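Notes follow once the structure below has been shown.
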Amino acid sequence: MQTSLKKRLEIIIEMPAVPRLEGVLEKAGVKGWTVLPAKSGRGANGSWSREGQITNADRMMMVLAVIDPAMLDTVLERVYALLERQIGIVMVSDVQVVRAERF
Amino acid sequence: MQTSLKKRLEIIIEMPAVPRLEGVLEKAGVKGWTVLPAKSGRGANGSWSREGQITNADRMMMVLAVIDPAMLDTVLERVYALLERQIGIVMVSDVQVVRAERF
Amino acid sequence: MQTSLKKRLEIIIEMPAVPRLEGVLEKAGVKGWTVLPAKSGRGANGSWSREGQITNADRMMMVLAVIDPAMLDTVLERVYALLERQIGIVMVSDVQVVRAERF
Amino acid sequence: MDIFTLAEANLISPPILFFVLGLIAAFVRSDLSIPEAIAKALSLYLVMAIGFKGGAEMAAGDLTWSVGGAILSGIVLSALLPVLGFGMLMLTTKVGRIDAAAIAAHYGSISIVTFIAASDAARFLETPGEGFMVAVAAAMEAPAIVTALILAGSAARASNGGEGHGESRLSVLKEIAANGSIVLLIGAFFIGWMTGPRGMEAVSPFFNDIFRGVLCLFLLDMGLVAGRGLLRNWRVLKPGVIGFGLYMPLIGALAGMGTGLAVGLDAGSLGLLMTLAASASYIAVPAALRLALPEARPAISLTLALGITFPFNLVAGIPLYFWLARLVTGTGG
Amino acid sequence: MDIFTLAEANLISPPILFFVLGLIAAFVRSDLSIPEAIAKALSLYLVMAIGFKGGAEMAAGDLTWSVGGAILSGIVLSALLPVLGFGMLMLTTKVGRIDAAAIAAHYGSISIVTFIAASDAARFLETPGEGFMVAVAAAMEAPAIVTALILAGSAARASNGGEGHGESRLSVLKEIAANGSIVLLIGAFFIGWMTGPRGMEAVSPFFNDIFRGVLCLFLLDMGLVAGRGLLRNWRVLKPGVIGFGLYMPLIGALAGMGTGLAVGLDAGSLGLLMTLAASASYIAVPAALRLALPEARPAISLTLALGITFPFNLVAGIPLYFWLARLVTGTGG
Amino acid sequence: MDIFTLAEANLISPPILFFVLGLIAAFVRSDLSIPEAIAKALSLYLVMAIGFKGGAEMAAGDLTWSVGGAILSGIVLSALLPVLGFGMLMLTTKVGRIDAAAIAAHYGSISIVTFIAASDAARFLETPGEGFMVAVAAAMEAPAIVTALILAGSAARASNGGEGHGESRLSVLKEIAANGSIVLLIGAFFIGWMTGPRGMEAVSPFFNDIFRGVLCLFLLDMGLVAGRGLLRNWRVLKPGVIGFGLYMPLIGALAGMGTGLAVGLDAGSLGLLMTLAASASYIAVPAALRLALPEARPAISLTLALGITFPFNLVAGIPLYFWLARLVTGTGG
Ligand SMILES: Nc1ncnc2c1ncn2[C@@H]1O[C@H](COP(=O)(O)O)[C@@H](O)[C@H]1O
Ligand SMILES: Nc1ncnc2c1ncn2[C@@H]1O[C@H](COP(=O)(O)O)[C@@H](O)[C@H]1O
Ligand SMILES: Nc1ncnc2c1ncn2[C@@H]1O[C@H](COP(=O)(O)O)[C@@H](O)[C@H]1O
Ligand code: NA
Ligand code: NA
Ligand code: NA
């Protein structure tokens with residue numbers, strides 16, 4: 001099956017900042033993404049868990065976007081500009097996709 | 001630690017089609033997979049979110065299957081045949097696993 | 001943008017053993033991880049689903065940790081020592097991150 | 001009661017006002033939201049309660065031929081309304097054949113949530129309708145889909161073919177019939193029927209007393225979801241399609257009035273049948289069509305059913321249908 | 001009341017019928033499902049309510065020695081029944097040593113949900129039992145696990161060793177005692193006891209009035225989960241094991257009857273103790289065993305406890321135990 | 001009623017005891033937990049109920065000038081208390097400028113959950129307070145944030161700049177005003193006001209009867225979350241900061257007493273205003289500050305507000321404030 005190389009961008013970011021991140025992705029021309037919920041975690045800022053929580057301040061979400069390698073640098077820079085001030089991490093890896101024109 | 005190369009297949013697919021996808025994976029000989037919930041997203045078909053929803057029509061799930069590289073082509077073709085008509089995307093990447101005989 | 005190579009460790013493990021896994025990661029010096037919920041799955045031990053369940057015995061969680069390649073062997077060995085007796089799988093792949101000093 | 005009194009009584013009731021609050025909260029981009037698990041549980045509760053109450057009323061009353069007539073008229077409505085809807089869409093809009101069939105399926109089938117709100121309003125307006133209307137509602141869910149698949153015609157059949165993922169019409173019908181909300185509605189109905197007044201007494205605080213309060217919370221959620229759906233997807237709705245979402249309920253209600261009168265329903269039951277015919281599905285049908293007619297774009301039909309027709313029925317349609325139902329059955333002024 | 005009247009009263013009550021509806025929905029492959037968060041919340045509510053009510057009844061009544069006797073007899077039952085169960089499994093099935101010990105742990109411990117259903121049935125059958133039976137239920141959760149770990153013997157100990165992840169028996173006991181449902185049950189019991197009738201009055205609409213309705217919704221879920229578990233995993237259950245899931249409750253109930261009579265329980269409390277002894281855990285024990293005895297295959301014990309024994313107790317066992325309890329205590333006809 | 005009677009009546013009420021049970025369960029490391037979706041739904045229900053009831057009471061009573069006075073005094077309190085709090089923190093602790101501003105914002109704003117618990121306690125203590133206090137609570141949410149952003153000063157402004165993600169103060173205010181719990185509180189208040197006693201009658205079993213029971217379940221959750229937050233993050237709280245979490249409520253309550261007396265509130269309303277001033281936000285403000293002041297470390301302010309101040313207010317503060325309120329208004333003995 002014909003596949004092509006894309007970049008898989010994964011951003012674990014605090015929930016209140018997700019709409020802002022989505023704005024950044026949209027402006028950077030990213031065509032699609034998926035937000036996955038996380039349940040708990042640990043990092044430099046301590047540990048957190050969603051059990052019984054009523055505030056959205058104290059939780060992380062995972063935003064996954066498959067993008068074209070040509071866009072990577074622009075997207076990464078803009079995302080990082082946001083991430084610098086918010087709690088979160090960014091990962092980039094390689095993926096193969098079918099229907100390359102969609103990304 | 002002894003690890004071996006496998007393929008990580010990730011399929012983001014609309015929920016009503018998940019049972020059908022599972023049938024496809026099973027028939028193709030895939031031994032295991034895990035379904036992860038998604039919370040919201042955006043793509044060519046517009047954006048969606050699970051907040052307050054009561055229908056399952058309007059949501060995506062992520063199906064993750066680690067498979068043997070030798071199976072990749074067959075599996076990918078069959079999955080794509082289903083995906084062609086449903087909303088969703090497919091990604092393939094490399095992973096190392098321990099206990100290689102289980103995949 | 002300046003990125004550096006890290007290892008992405010993904011462990012799909014039964015929920016009652018998650019606290020134990022977190023203890024293992026902590027002792028091995030892993031600085032951060034994120035736990036993502038899974039919804040259903042299939043493997044050698046049969047299939048499972050969270051729908052309507054009240055026991056935590058019968059579910060899997062995905063633990064994702066980005067770690068330094070230098071730590072990989074130690075971490076993997078300790079994780080595997082735990083996994084050997086519990087239900088679950090381990091995957092390792094490459095990722096690029098910004099802010100390398102944090103992992 | 002004239003139509004304005006009815007409309008006002010409907011409008012300033014807590015459930016409707018909470019629905020409006022949900023719409024407003026969505027439009028001012030508030031982050032108010034009900035978790036998905038809760039929204040689903042609320043709808044399960046409401047379906048269970050309405051089914052159980054319908055059954056318990058059946059047990060208390062006499063079983064007459066009119067039950068069969070009502071169910072039959074519901075099936076006929078569900079099977080034929082899509083033809084009308086499909087025709088209107090093909091004539092008045094630029095929507096494609098497959099999308100038109102998909103939309104028509106939604107309007108032939110029923111919205112159980114609209115039915116629940118109408119049942120509550122009916123009680124409020126002192127024309128409660130018969131318990132068996134629950135069975136009519138259940139019977140109206142599926143037939144519309146079969147009609148729609150026939151209407152979708154060769155295009156759908158072609159794509160239903162190849163690769164072995166095709167669905168026969170029978171299997172689609174089976175899937176609809178096994179849809180959670182239908183199974184629960186029918187099951188609760190039979191349980192209510194079997195256990196009768198004694199069973200009802202035991203669970204009345206849960207199924208009766210708190211019902212309207214739960215409905216408030218649920219309609220708040222529906223307002224949020226409808227409002228956000230509109231904000232997100234209004235671009236897919238062309239004016240002709242929006243128009244369809246407003247006049248199709250009226251056509252459905254009139255068709256329902258005709259068949260309902262023919263089988264001799266009382267004012268309350270007639271109002272409910274009109275509401276059922278006027279309502280558009282957004283639980284069972286959308287999910288089933290993703291498998292039976294995956295080429296249809298779900299954004300159009302979902303946004304139309306939930307964002308336009310549901311609010312219209314809830315706020316304006318229901319009092320109108322009940323006013324008409326009282327008028328034509330000659331029920332007290 | 002003869003056994004048929006009892007069985008019928010139990011069978012055609014709304015909670016049991018909703019359980020059956022859940023089973024049927026699972027078997028016809030309906031997609032009806034209760035979200036996990038809701039199922040958990042329903043079970044928390046039920047445990048909280050049953051604990052609180054038990055405590056409030058304690059506050060209203062006199063504290064007698066029979067409380068201590070009942071608790072002690074519960075502990076003894078929980079500690080010894082696994083020996084019996086383990087023996088039966090080793091004799092009559094091909095299940096391995098570790099799996100046999102794991103299954104025996106489930107049957108020695110108790111199912112709080114079965115207890116809740118039995119409490120509701122007891123009220124229905126007008127032999128409600130004493131408030132302190134809640135404390136007996138709590139006391140019976142853990143001992144069975146200790147026995148099972150001893151029975152699992154050297155195999156388990158070996159694997160409990162190496163790598164430093166081993167669990168001492170004490171730490172397993174601690175984990176069980178800190179299990180959410182047990183802490184909530186005991187905590188709510190003490191709160192009910194402390195606040196007494198005045199506290200109960202303040203929260204009665206929530207903890208009493210809607211209780212049976214919530215139970216209906218919860219048992220619907222349990223029916224769905226039990227049915228789907230069976231569909232998914234029936235292959236792991238050999239006939240001998242299924243048989244065990246049906247006769248072990250009877251053995252447990254008889255043992256419970258003996259000890260309960262010995263400590264002088266009234267008919268209602270005796271029926272509850274028999275139900276506790278007959279029931280098999282599927283919240284606390286399965287989770288604890290994944291750590292204490294990870295080599296045991298969870299599919300067997302979970303499917304057996306939830307798919308076979310729970311429905312059996314709910315539908316046939318409970319009326320039988322209460323009929324026997326009334327008979328042997330000489331309670332009205 | 002002397003203060004000990006009040007304290008005891010508060011302490012041995014089911015809601016408070018369930019809160020304590022949650023704390024204990026967290027401290028003994030029980031795995032008891034309420035799913036997130038349920039916790040959110042419970043808080044939505046409580047906010048909706050308290051808003052609706054407040055509005056319905058408004059409809060029943062007379063609209064007087066004192067409403068305006070109370071709302072104004074609330075806004076003043078919310079706007080000025082952060083200045084006091086910020087000063088105390090800068091003087092007595094080593095917390096940085098931005099963190100001090102963030103913490104001060106929490107304490108100027110209000111905790112709607114504390115308000116709900118206080119409303120329930122007020123009813124229990126037979127000094128219920130006026131319906132319009134709901135509007136006061138809503139009015140007090142946002143002003144504190146504006147003050148805090150000013151206090152955070154240049155550091156915040158600098159980081160609010162660059163990269164185009166900066167938030168103007170106005171947009172932060174908008175965000176707070178559109179926060180879900182505030183929209184729901186105000187919306188339910190207006191619905192209660194519009195539908196009045198007749199609307200209340202229809203939904204009373206849901207919004208009134210089961211209210212206190214639901215509060216028990218919710219406070220159980222809050223106890224669990226507060227306890228676990230403390231266990232997880234107590235290291236970030238230095239003694240000076242913990243002290244602040246204990247005396248700042250008292251300062252707030254006294255300030256509230258002064259302004260409340262000035263505008264002539266009755267004992268119940270005064271107690272509620274004192275509680276509002278004493279409470280620290282942990283729904284709306286923490287989320288808003290993650291955008292407006294992301295450099296502030298959320299662990300400090302969240303742990304302090306939820307782990308220290310909330311339990312303190314719930315267990316000791318509320319009875320104290322109501323005792324004082326009765327004393328200074330000369331309300332019965
Ligand atoms: N190395 C990591 N691997 C996976 N997730 C991480 C990692 N570091 C941080 N996180 C996630 O990001 C959150 C915030 O990280 P931090 O800012 O380091 O506290 C943590 O609570 C985790 O959920
Ligand atoms: N590039 C992408 N990266 C991640 N998720 C995507 C991407 N494109 C689409 N998706 C997900 O797939 C769903 C359907 O995509 P589409 O058919 O393009 O609307 C979206 O709503 C997203 O949840
Ligand atoms: N190849 C795989 N890919 C993804 N998930 C898997 C795979 N194998 C097992 N799993 C997950 O791990 C769980 C337990 O696996 P097993 O022990 O093989 O039954 C399964 O139910 C899946 O959720
Ligand atoms: Na219709
Ligand atoms: Na037992
Ligand atoms: Na305050």
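Being a predicted model, the structure only gives us computed values, none of them experimental. Order of the sequence lines sets the chain letters (A, B, ...), proteins ahead of strands, with each chain counted from 1.
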Sorted by number, residues from residues 204-226 of chain E in contact with chain D (heavy atoms, under 4.5 Å)
E:D209, E:I210, E:R212, E:G213, E:V214, E:C216, E:L217, E:L220
Taking a cut-off of under 4.5 angstrom between non-hydrogen atoms, the residues of residues 40-48 of chain E near chain D are none
Rounded to the nearest 0.5 Å, how far does CG of D:L185 lie from CG of E:L32?
11.5 Å
[X] and [Y]: which non-hydrogen atoms are nearest, and at how many Å?
{"X": "E:A25", "Y": "D:V183", "value": "CB-CG1, 3.8 Å"}
{"X": "E:L17", "Y": "D:T195", "value": "CD1-CG2, 3.4 Å"}
{"X": "E:A37", "Y": "D:A37", "value": "CB-CB, 4.2 Å"}

Which bit of [X] comes within less than 4.5 Å of chain E, counting heavy atoms only: side chain, backbone, both or neither?
{"X": "D:F190", "value": "neither"}
{"X": "D:I38", "value": "both"}
{"X": "D:A49", "value": "neither"}

For D:R297, does the CZ atom have more than 12 heavy-atom neighbours from other residues, nucleotides or ligands under 6.0 Å away?
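Open: at most 12 neighbouring heavy atoms sit under 6.0 Å from CZ of D:R297.
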Shorter than 4.5 Å, heavy atoms on both sides: which option in D:A202, D:A177, D:G199 has the most such pairs with chain E?
D:A202
With a 4.5 angstrom heavy-atom cut-off, is it the side chain or the backbone of E:I34 that approaches chain D, or both, or neither?
both
Yes or no on side chain to side chain contact (heavy atoms under 4.5 Å, CB included) for E:V20 and D:I191, after CA distance, side-chain angles and deciding distance?
CA-CA 10 Å; E:V20 174; D:I191 294 175; over 6 Å; no
